[in-house]
Number of protein chains: 2
Amino acid sequence: MARAGLTADRLTQAAADLADEVGFENVTVSALARHFGVKDASLYSHIRNAHDLRVRLAVLALAELADRVAEAIAGRSGKEALVAFANAYRAYAREHPGRYSATQMALDPDAAADSAAGRHAEMTRAILRGYDLWEPEQTDAVRLLHSTFHGYVSLERAGAFHRHPRGVEASWIRALDALDSVLRAWPA
Amino acid sequence: MARAGLTADRLTQAAADLADEVGFENVTVSALARHFGVKDASLYSHIRNAHDLRVRLAVLALAELADRVAEAIAGRSGKEALVAFANAYRAYAREHPGRYSATQMALDPDAAADSAAGRHAEMTRAILRGYDLWEPEQTDAVRLLHSTFHGYVSLERAGAFHRHPRGVEASWIRALDALDSVLRAWPA
DNA sequence: ATCATTTGCCTAGGACCTCTAGGTAAGCCT
DNA sequence: AGGCTTACCTAGAGGTCCTAGGCAAATGAT
């Protein structure tokens, strides 16, 4: 009886790759078991259930995304940091569609605390240091930025923009310009 | 053998209500059949398969949302129209979480053409008539607005904002202020 | 080195969902 | 009344999720 050497981490990694291949909604316990050449039931010693697997995947993706963003904004400030953040975010979503979908899962408070969600908010705040924005407006701005980034890549992936000839790239640059100018002159 | 009087439309309506109750991802053919007191197999004379059912639901929700938005912006212009649009959009998402989730489905080109997606874009354009914005900037602005609305309600629903004390309502108002000011002074 | 424990994967099986094939009864048309 | 279409049925195959209980491999204790 040869062992496949399963661990929760290896399962989560494989699930992430699987998500990018076949879509987050198609990440099933069965598919993952097939990938390792074992029976479904064997996975349940490592993960509690299918939902637990998806939560682990979400936590993994959030951490990866936070790493990418952190690297992108390191040593930059102001608009440069804003653009670097946004592009890192969007690039991750494009390169890892399944992982990105996972980051949109509703996490219960416990899982959210374990996740890198806090790092995301903190890094967004870091960008705002270049814009002379303080509480409570800072939180408003954090929410606006996050909403815009997420909304844009989410709609882009859903194909909402491709029905019009205007380049998606050009609109993205303009959106970042707009955000920069709104941050510089935040309405009182 | 009493008949339940099923039609594709009645199924879609019931599916929409079901989605709001138990979540879009839990809208199954079985659950719907149970609701009508009928066997699963009976639904397959009205819908092609489970995916088809969800697409119909998405199309229904997009149309409803477009109606709500159209009513909201009728007779308004400028910032008033912007705020009315945004609030109608957000209110629909809150009142009908399952239906709203459905609108986020990736629709294949055929289904998208049948949907009210075009009306949404057109209404967003209508708002911009109050802002002296023309192509190609108009498309950029449409995309920015849509992204921000969708991103905001989507993150709000995922609970991404509730980890911070600042009121979600206040941030929303500020986001709309910011969008208004960015539209008035669209960066050249 | 042997035995005990833990760990990893197994089989078996129940519950639920999806969907097809083919059948029968209800309602409409002539 | 007979025929046709429509609405719903039974039966059944195949997939996913998950639990219970078992055996064998790895690990650690003596």
Side-chain angles (χ1 to χ4, degrees), chain A residues 1-60 98-99 101-102 105-108 110-111, chain B residues 1-60 98-99 101-102 105-108 110-111:
Chain A
M1 196 183 284
R3 299 192 177 199
L6 304 184
T7 64
D9 281 352
R10 286 195 64 199
L11 287 177
T12 307
Q13 273 290 342
D17 294 340
L18 186 61
D20 285 338
E21 275 171 43
V22 302
F24 180 61
E25 72 282 2
N26 294 320
V27 172
T28 66
V29 175
S30 306
L32 201 55
R34 264 195 302 279
H35 174 263
F36 283 102
V38 298
K39 300 293 171 184
D40 299 7
S42 306
L43 303 195
Y44 288 88
S45 349
H46 306 283
I47 55 168
R48 271 217 311 283
N49 49 40
H51 181 254
D52 176 48
L53 173 66
R54 295 188 188 109
V55 168
R56 285 169 189 271
L57 171 46
V59 169
L60 169 76
R99 283 167 158 93
S101 291
M105 256 192 82
L107 296 179
D108 58 285
D110 284 356
Chain B
M1 197 183 284
R3 300 195 176 195
L6 304 184
T7 64
D9 281 351
R10 285 195 64 198
L11 287 178
T12 307
Q13 272 290 344
D17 295 340
L18 186 62
D20 286 337
E21 276 170 41
V22 302
F24 180 62
E25 71 282 2
N26 294 319
V27 173
T28 65
V29 175
S30 305
L32 201 55
R34 263 195 304 280
H35 174 263
F36 283 103
V38 144
K39 300 294 171 186
D40 299 7
S42 305
L43 303 196
Y44 288 88
S45 347
H46 306 282
I47 55 169
R48 272 217 311 283
N49 51 39
H51 181 253
D52 176 47
L53 173 66
R54 296 189 187 107
V55 169
R56 285 169 188 269
L57 171 45
V59 170
L60 169 76
R99 284 167 157 92
S101 290
M105 256 191 82
L107 296 179
D108 58 285
D110 284 356

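Naming convention: chains lettered A, B, ... in sequence-line order (proteins, then strands); numbering from 1 in each chain.
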Original post:
D:dC8 phosphate, OP1 or OP2: any side-chain N/O from B:His46 under 4.0 angstrom?
Top reply: yes

Original post:
What nucleotide among D:dC18, D:dC8, C:dT20 has an atom nearest to a side-chain atom of B:Ala41?
Top reply: C:dT20

**OP:** Round to the nearest Å and state the distance from A:Asn49 atom CG to D:dA20 atom P.
**Re:** 14 Å

**OP:** Write down the atom of A:Ala111, the atom of A:Val59, and the distance for their closest heavy-atom approach.
**Re:** O-CG2, 4.3 Å

Run the side-chain donor-acceptor check on residues 5-24 of chain B: report pairs under 3.5 Å with partners two or more places apart or on a different chain.
from	atom 1	to	atom 2	distance (Å)
B:Thr7	OG1	B:Arg10	N	3.1
B:Arg10	NH1	B:Ala4	O	3.2
B:Arg10	NH1	B:Gly5	O	3.0
B:Thr12	OG1	B:Ala8	O	2.7
B:Asp17	OD1	B:Arg99	NH1	3.3
B:Asp17	OD1	B:Arg99	NH2	3.2
B:Asp20	OD1	B:Gly98	N	2.9
B:Asp20	OD1	B:Arg99	N	2.9
B:Asp20	OD2	B:His96	ND1	2.8
B:Asp20	OD2	B:Arg99	NH1	2.6

**OP:** Please state how far atom NZ in B:Lys39 lies from atom P in D:dG12, giving the value in whole angstrom units.
**Re:** 15 Å

Subject >> Distance in angstrom units between B:Leu6 CG and D:dT6 C1', rounded >> reply: 12 Å

Original post:
Between A:Ser42 and C:dG8, does any side-chain N or O lie under 4.0 Å from OP1 or OP2?
Top reply: no

Subject >> Distance, rounded to the nearest Å, where A:Asp52 contributes CG and D:dC18 contributes C1' >> reply: 13 Å

**OP:** Check whether any side-chain N or O of A:Ser45 sits under 4.0 Å from OP1 or OP2 of C:dG8, and answer yes or no.
**Re:** no

Original post:
Does any non-hydrogen side-chain atom of A:Glu25 lie less than 4.5 Å from one of A:Arg54?
Top reply: no

Distances for protein N or O near nucleotides 14-17 of chain C N or O, under 3.5 Å:
from	atom 1	to	atom 2	distance (Å)
C:dC17	OP1	B:Arg34	NH2	3.2
C:dC17	OP2	B:Arg34	NH1	3.0

**OP:** Round to a whole Å and report the spacing from CG of A:Leu43 to P of D:dT19.
**Re:** 13 Å

Original post:
Can you name the side chain to side chain donor-acceptor pair (under 3.5 Å) partners of A:Asp52, sequence neighbours left out?
Top reply: A:Arg56

**OP:** Tell me, please, which residues at least two apart from B:Ser101 pass side chain to side chain donor-acceptor pair (under 3.5 Å).
**Re:** B:Arg157

Original post:
Rounded to whole angstroms, how far apart are NE2 on B:His51 and P on C:dT18?
Top reply: 13 Å

Original post:
Over how many whole Å does the gap from A:Leu32 atom CG to D:dG15 atom C1' extend?
Top reply: 16 Å

Original post:
Could you give the CD1-to-P distance, from A:Ile47 to D:dC18, as a whole number of Å?
Top reply: 8 Å

Name each donor-acceptor pair under 3.5 Å that joins a side chain in residues 30-39 of chain B to protein atoms two or more places apart or in another chain, with its distance.
from	atom 1	to	atom 2	distance (Å)
B:Ser30	OG	B:Asp40	OD2	3.1

Original post:
What closest approach, in Å, do B:Ala102 and B:Ala58 show between heavy atoms, and which atom pair accounts for it?
Top reply: O-CB, 3.3 Å

Original post:
What residues in residues 7-18 of chain B put a non-hydrogen atom under 4.0 Å from any atom of DNA chain C?
Top reply: none

